[in-house]
Amino acid sequence: MRLRRLIGRRIAASAVLVVAVSVTTSCHAFDATSPGEPRAAHVIWQVALPALGPPAFDDSTVYFSLRTHLIVAVNRASGSVRWFGGSGLGGSSLTVEETPVRATDVVVFGDWNLTAFDAKTGAFRWVFGDQFSGDGPGLYMFQTDGTTIYTGSATGGAFALDAASGRLLWRVDLVPGKGNQVRAYAVRDGRVYLTVRHNGLRFAGRVYVLDARTGATIWSYELPRADGSPNGTNGIVLCQSGTGRRLVVVSFDDGRIAALDAADATVQWTIAARSIQNDDRNMAAAAGILIASGLSPDVVDAYDLETGAMRWEMSSTQGSVEIGPGHVSADSSVARVNFTNGVIGTYDLRTGALRDLLRAPTSFFTNTPVGDRGAYFLGGWDHAFAIRL
């Protein structure tokens, strides 16, 4: 009971952190004659908080996970802090860096367990998980369809929760046992798309598509090993090819990529591994093009989603791309990547030509920007930002 009170306590900003909000209206033009030099981002506001990204947002508020086991709600127009909430865990660093999700009237925050707060007031609503169990339902990527939360665990289980109450709707043990990592990557059209990294002599992996209402398996796909290498999943993206065919694109631990038909897991094309072992590849897709980074320094590749053929390869002077979700994104015209030096590069989606390089005014950016209506939000090591692109 003491733990629940600690988790549920709404934390006043003055009692936890001294928060400084600064607003700027200055504008910076990109100097096309020296595209290799990053420019300072046009900051709308910045808040002195140890933010992780990417955040969740709605029409009025942006929700950032902080490295101090907290979630903060910030006014999206002004940057003023509305409320703080905490997971109740101790230690110096957040357990996980996944994006919070906004559903019904709550925002859900992952930090070993899942904890939900009232989106407007920050009042504690519910917690799912036990700090002393091995499940860790807030450890890995989780998703929502607006009314239900879909999440995985460190023990092979997948869960569906009612977003408003936290009530368990179903649990499915995909590969039971400690060390079997389940991540929920997407939910669409009544289906949940997950990956499992399961333990053994070597890590292996499988993609699962579950019925969102019941948890029943619609199909699964085992990631075949090549040359005896361990092949867990790095991630998946759900996207459409140039002809509108829906694909599940899977990256392997060894750098291979496979496109599966979303209806039945039929393999449509594969991309061979590069010469690097254990090649973690971030992916994003838009407008019929797949963007994939990797551990090869300074390289980002673009592939045709219909055929898997390479469209272009970009080499940058900014270092390697950060590993993990939120560091590569794409829209109908550009691809954005977050480099290990904290700079964000913007590239033409169809040609790979450099459009822009952005640096944070303080410290460094920790994800590519998300947003709409002219304002984009992202974390920094010691600040949360709203910028104009």
Side-chain angles (χ1 to χ4, degrees), residues 54 56-58 63 96 98-110 113-116 119 125-129 135-176 180-198 205-223 233 235-241 244-251 258-266 283-285 325-326 370:
F57 65 93
D58 56 30
Y63 307 92
V96 67
E98 302 300 347
T99 305
V101 302
R102 179 74 167 80
T104 62
D105 59 347
V106 301
V107 60
V108 182
F109 166 58
N113 301 320
L114 292 179
T115 308
R125 293 287 291 274
W126 53 262
V127 62
F128 179 77
D135 284 339
L139 267 177
Y140 306 120
M141 187 179 295
F142 53 99
Q143 304 294 334
T144 185
D145 59 7
T147 60
T148 304
I149 306 297
Y150 301 95
T151 192
S153 70
T155 53
F159 307 88
L161 312 173
D162 177 74
S165 66
R167 178 173 60 90
L168 178 65
L169 301 176
W170 51 255
R171 172 178 181 155
V172 177
D173 291 309
L174 300 174
V175 185
N180 296 325
Q181 304 167 7
V182 180
R183 293 169 170 82
Y185 276 88
V187 54
R188 187 181 298 174
D189 299 330
R191 295 182 171 195
V192 188
Y193 297 81
L194 309 99
T195 65
V196 180
R197 290 174 58 93
H198 51 90
R206 182 175 284 271
V207 179
Y208 280 89
V209 179
L210 307 183
D211 184 287
R213 186 177 59 85
T214 66
T217 298
I218 296 172
W219 58 256
S220 67
Y221 175 79
E222 184 75 20
L223 303 185
T233 51
I236 62 175
V237 293
L238 186 63
C239 51
Q240 289 185 337
S241 69
R245 178 175 48 188
R246 185 159 292 173
L247 299 174
V248 180
V249 182
V250 186
S251 65
L260 313 176
D261 189 293
D264 58 8
T266 304
M283 299 188 300
V370 296

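Start at 1 with the first residue, then count along the sequence. All of these numbers come straight from a predicted model, not from anything done at the bench. Only heavy atoms go into these numbers, but all of them, side chains included; no hydrogens, no water, no symmetry mates.
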Visitor: Met141 and Thr151: which non-hydrogen atoms are nearest, and at how many Å?
Guide: O-OG1, 4.5 Å

Visitor: Taking the side chain as every heavy atom from C-beta outward, state whether Phe128 and Asn113 have any pair of such atoms under 4.5 Å apart.
Guide: no

Visitor: In the structure I gave you, are the side-chain heavy atoms of Val108 and Trp126 within less than 4.5 Å of one another anywhere?
Guide: yes

Visitor: So, is the end of the Arg183 side chain (NZ or CZ) under 6.0 Å from the ring centre of Tyr140 and within 45° of the ring's axis?
Guide: yes

Visitor: With side-chain hydrogen bond (donor to acceptor under 3.5 Å, both in side chains) as the test, pick out the partner of Arg125 among Thr104, Asp105, Thr115.
Guide: Asp105

Visitor: Nearest heavy-atom pair of Trp219 and Asp261: which atoms, and what distance?
Guide: CZ2-O, 4.0 Å

Visitor: Is Leu194 close to Leu210 at the side-chain level, that is, under 4.5 Å between some pair of heavy atoms?
Guide: yes

Visitor: Rounded to the nearest 0.5 Å, what's the gap from OH on Tyr208 to OG1 on Thr217? Could you check?
Guide: 6.0 Å

Visitor: Closest heavy-atom contact between Tyr185 and Gln143?
Guide: O-NE2, 3.2 Å

Visitor: Within a strict 4.5 Å, meaning less than it, do heavy atoms of the Leu161 and Leu114 side chains meet?
Guide: yes

Visitor: Could you go step by step and tell me if Val209 and Val192 meet the side chain to side chain contact (heavy atoms under 4.5 Å, CB included) rule?
Guide: CA-CA 6 Å; Val209 179; Val192 188; over 6 Å; no

Visitor: Tell me the closest heavy-atom pair linking Pro137 and Gly129, and the distance in Å.
Guide: CG-CA, 3.9 Å

Visitor: Please check this pair: side chain of Asn180 against backbone of Thr155, looking for a donor-acceptor N/O pair closer than 3.5 Å.
Guide: no

Visitor: Any donor-acceptor pair under 3.5 Å linking the side chain of Trp170 with the backbone of Ala212?
Guide: yes

Visitor: Checking side chain to side chain contact (heavy atoms under 4.5 Å, CB included) for the pair Tyr221/Thr266: CA distance, chi angles, key distance, verdict?
Guide: CA-CA 9 Å; Tyr221 175 79; Thr266 304; over 6 Å; no

Visitor: Could you tell me whether Arg213 and Asp145 have a side-chain N and a carboxylate O separated by less than 4.0 Å?
Guide: no

Visitor: Nearest 0.5 Å, what's the CG-CG distance between Leu260 and Leu238?
Guide: 11.0 Å

Visitor: Let me see the working for Arg246 and Asp189 under salt bridge (Lys or Arg N to Asp or Glu O under 4.0 Å), right down to the final yes or no.
Guide: CA-CA 12 Å; Arg246 185 159 292 173; Asp189 299 330; 2.3 Å; yes

Visitor: Distance-only, no hydrogens or angles: does the Asp211 side chain make a donor-acceptor pair with backbone N or O of Thr214 under 3.5 Å?
Guide: yes

Visitor: Would you check, one step at a time, whether the test side chain to side chain contact (heavy atoms under 4.5 Å, CB included) holds for Val207 with Tyr193?
Guide: CA-CA 7 Å; Val207 179; Tyr193 297 81; 5.8 Å; no

Visitor: Output the distance between atom CG (Leu169) and atom OG1 (Thr148), rounded to the nearest 0.5 Å.
Guide: 5.5 Å

Visitor: Using side-chain heavy atoms (C-beta onward) and a distance below 4.5 Å, is Asp58 in contact with Tyr63?
Guide: yes

Visitor: Any chance you could lay out the side chain to side chain contact (heavy atoms under 4.5 Å, CB included) test for Leu174 and Val182, step after step, and finish with the verdict?
Guide: CA-CA 8 Å; Leu174 300 174; Val182 180; 4.2 Å; yes

Visitor: Shortest non-hydrogen contact from Val107 to Pro100?
Guide: CG2-CB, 4.1 Å

Visitor: Hey, what do you get for OG1 (Thr144) to CD1 (Ile149), rounding to the nearest 0.5 Å?
Guide: 4.0 Å

Visitor: Minimum heavy-atom separation for Gly110 to Phe142, with atom names?
Guide: N-CZ, 3.8 Å

